[in-house]
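Here's the structure, in structure tokens; my notes come after.
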Amino acid sequence: QVQLVESGGGLVQAGGSLRLSCAGSGRTFSTYAMGWFRQAPGKEREFVAGVSWSVSRTYYTDSVKGRFTISRDNTKNTVYLQMNSLKPEDTAVYYCAARPSILVVATASEYEYWGQGTQVTVSS
């Protein structure tokens with residue numbers, strides 16, 4: 001069982017930065033693949049970034065490559081999403097998610113545990 005709590009969202013101007021954190025509970029946190037998803041009003045939840053349990057591999061959707069960085073600290077049971085050069089189209093509720101696997105996938109239904117979400121709003 002894993003519980004996830006996101007933090008770090010807020011309002012920022014275009015071109016600014018935010019760092020999201022996702023704190024997880026449970027002894028087996030380090031064995032879960034972690035993902036960040038986002039959902040804008042009227043749109044489906046979409047994959048943003050993921051990191052494997054071993055921290056050896058990271059994955060990004062094309063629209064955030066070069067701007068966002070996902071990382072994890074298994075000693076702190078925490079996953080981070082550093083977001084730079086933010087754009088108004090990045091505005092959404094951001095969720096972290098966990099799946100008991102070594103593999104990161106981009107399909108939301110493959111993730112077993114979800115946080116409550118944190119709002120990110122980028123003004124133009």
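Here, residue 1 is the first one in the sequence, and each next residue gets the next number.
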Test item: [X] and [Y] side chains (from C-beta on) under 4.5 Å apart, heavy atoms:
X: Leu11; Y: Gln119; answer: no
X: Leu4; Y: Glu6; answer: no
X: Val122; Y: Met83; answer: no
X: Gln82; Y: Ser71; answer: no

Under 3.5 Å, is there a donor-acceptor pair between the side chain of [X] and the main chain of [Y]?
X: Thr58; Y: Ile70; result: no
X: Thr107; Y: Ser109; result: no
X: Ser52; Y: Arg57; result: yes

Nearest heavy-atom neighbours spanning [X] and [Y]:
X: Leu81; Y: Ala49; result: CD1-CB, 4.1 Å
X: Leu86; Y: Leu18; result: CD1-N, 3.8 Å
X: Gly9; Y: Leu20; result: N-CD2, 3.6 Å
X: Ala92; Y: Ala40; result: CB-N, 3.8 Å
X: Met34; Y: Cys22; result: CE-SG, 4.3 Å
X: Ala98; Y: Tyr32; result: CB-CD2, 3.8 Å

Checklist entry - More than 12 foreign heavy atoms under 6.0 Å from CD of Gln13: is that the case here? => result no
Next on the checklist: With a sphere of 6.0 Å drawn around CD of Glu46, does it hold more than 12 non-hydrogen atoms of other residues, nucleotides or ligands?
Outcome noted: yes
Checklist entry - In the hydrophobic cluster built from side-chain contacts under 4.5 Å, what are the other members alongside Val93? => result Phe37, Phe47, Tyr59, Tyr95, Val104, Val105, Tyr111, Trp114
Rounded to the nearest 0.5 Å, what's the gap from [atom1] on [X] to [atom2] on [Y]? Could you check?
X: Thr69; Y: Arg19; atom1: OG1; atom2: CZ; result: 10.5 Å
X: Ser17; Y: Phe68; atom1: OG; atom2: CZ; result: 9.5 Å
X: Ser63; Y: Arg38; atom1: OG; atom2: CZ; result: 4.5 Å

Next on the checklist: Between Lys87 and Asp90 (salt bridge meaning N to carboxylate O under 4.0 Å), is one present in this structure?
Outcome noted: no
Checklist entry - If you group Ile, Leu, Val, Met, Phe, Trp and Tyr by side-chain heavy-atom gaps below 4.5 Å, do Tyr80 and Tyr113 land in one group? => result no
